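Within every chain, numbering begins at 1; the chains are lettered A, B, ... in the order of the sequence lines, protein sequences first and strands thereafter. Since this is a predicted model, take the numbers as computed values, not measurements.
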Amino acid sequence: MSPAAARPPRAWWARPVLDLARELIGATLSCAGSAGVIVETEAYHDTEAACHAHIGLTRRTHVLFGPPGTAYVYRSYGIHALFNVVAEAEGVGAAVLVRALRPVAGLEAMGARRGRVGPRELCSGPGKLTQALGIELPDNGADLTRPGRIEIRPTATGPDQDAVVAAPRIGIIKAAELPWRFCLRGSPWLSRPVPVAPR
DNA sequence: CATGGGATTGACT
DNA sequence: GTCAATCCCATGC
């Protein structure tokens with residue numbers, strides 16, 4: 001695989017959210033002594049109804065409209081913390097949800113945080129990977145362009161685009177037809193398999 | 001101030 | 001396959 005690039009500057013994160021969601025496949029996400037390679041993402045944009053930012057600027061969504069390269073962490077179903085990275089220009093509400101990782105470092109710490117589960121269950125879901133990495137609500141708003149608890153290192157050359165598959169997003173009702181889920185083709189570390197027949 | 005829904009997971013039938 | 005857990009916050013009275 002390609003070597004890790006340096007910590008990307010603000011402008012790197014400012015690209016269109018669909019481009020960023022693809023680009024992040026293969027990047028390494030690390031936090032609290034553990035790390036994994038991103039194998040699944042989803043894009044969200046304020047112009048479509050599934051995005052939290054669709055309702056406009058509120059206390060919950062203001063991070064989404066802020067500077068790109070910022071972490072957006074929110075609680076889902078009262079239980080799980082889900083991790084996103086803000087994309088596009090400041091003033092646009094857009095973010096990439098990280099949905100699954102291939103664990104590569106700190107697997108013991110991941111297991112301690114997740115409870116005794118098999119390696120395939122450590123990071124194969126958006127709520128699982130935040131628990132495995134120790135990402136929680138206080139990480140909301142973290143600036144990923146500065147040194148901190150959470151770090152994302154893309155590959156130097158970006159992912160091989162032939163290896164990235166697009167599919168409909170998971171677990172949403174609104175705008176469910178958009179193929180804005182991106183997966184590493186054939187990866188055994190996905191939250192769910194890519195559907196065989198596209199719709 | 002009360003209510004309702006949600007980008008999920010794990011346990012159970 | 002079904003379903004509850006549990007909390008943040010937007011919305012409405």
Is atom CZ of A:Arg113 surrounded by more than 12 heavy atoms (other residues, nucleotides or ligands) closer than 6.0 Å?
-> yes
Who pairs with A:Asp143 by salt bridge (Lys or Arg N to Asp or Glu O under 4.0 Å), at least two apart in sequence or on another chain?
-> A:Arg10
Partners meeting salt bridge (Lys or Arg N to Asp or Glu O under 4.0 Å) with A:Arg7 (sequence neighbours left out) = A:Glu151
Just wondering, more than 12 heavy atoms not from A:Glu108 lying within 6.0 Å of its CD?
-> no
Hydrophobic cluster identity match, A:Trp13 and A:Leu64, side-chain contacts under 4.5 Å = no
Cation-pi, A:Trp12 ring and A:Arg15 (6.0 angstrom, 45 degrees) | yes
Treat primed atoms plus P, OP1 and OP2 as sugar-phosphate and everything else as base, then score nucleotides 8-13 of chain B 5' to 3': B for base contact with protein heavy atoms under 4.0 Å, S for sugar-phosphate contact only, - for none.
-> BSS---
Got a sec, which pairs hit side-chain hydrogen bond (donor to acceptor under 3.5 Å, both in side chains) with one end in residues 59-69 of chain A, sequence neighbours left out?
-> A:Thr58-A:Thr61
Chain A on DNA chain C: first and last contacting nucleotide, 5' to 3', under 4.0 Å to a heavy atom?
-> C:dA5 to C:dA10
Over all atoms of both residues, closest heavy-atom pair of A:Glu88 and A:Val17 | OE2-N, 2.7 Å
Which residues pass the salt bridge (Lys or Arg N to Asp or Glu O under 4.0 Å) test with A:Arg75, sequence neighbours left out?
-> A:Glu136
Could you spell out the base pairing of DNA chain B in dot-bracket, with Watson-Crick or G-U pairs whose two distances are under 3.5 Å, [ ] crossing and | to another strand?
-> ||||||.|||||.
Sorted by number, the residues of residues 60-67 of chain A with heavy-atom contact under 4.0 Å to DNA chain B | none
Give the minimum heavy-atom separation between A:Pro103 and A:Pro119, together with the two atoms involved.
-> CG-O, 4.2 Å
Within residues 12-22 of chain A: residues closer than 4.0 Å to DNA chain B (heavy atoms) | none
In chain order, what residues pass the salt bridge (Lys or Arg N to Asp or Glu O under 4.0 Å) check against A:Asp139, with sequence neighbours excluded?
-> A:Arg149
Using the ring pair (Phe, Tyr, Trp, His ring centres under 6.0 Å) rule, collect all pairs that involve residues 74-97 of chain A, keeping only residues at least two apart or in two chains.
-> A:His52-A:Tyr74, A:Tyr72-A:Tyr74
For the student: nearest non-hydrogen atoms of A:Cys31 and A:Ile135, plus distance = SG-CG1, 3.9 Å
So CD1 of A:Ile152 and OG1 of A:Thr28: to nearest 0.5 Å the spacing works out to 9.5 Å
For A:Glu42, enumerate each residue passing the side chain to side chain contact (heavy atoms under 4.5 Å, CB included) test, keeping only those at least two apart in sequence or located in another chain.
-> A:Tyr44, A:Leu97, A:Arg99, A:Arg169, A:Ile170, A:Arg181
What does A:Leu137 touch in the nucleic acid at a heavy-atom separation under 4.0 angstrom: a base, only the sugar-phosphate, or nothing?
-> sugar-phosphate
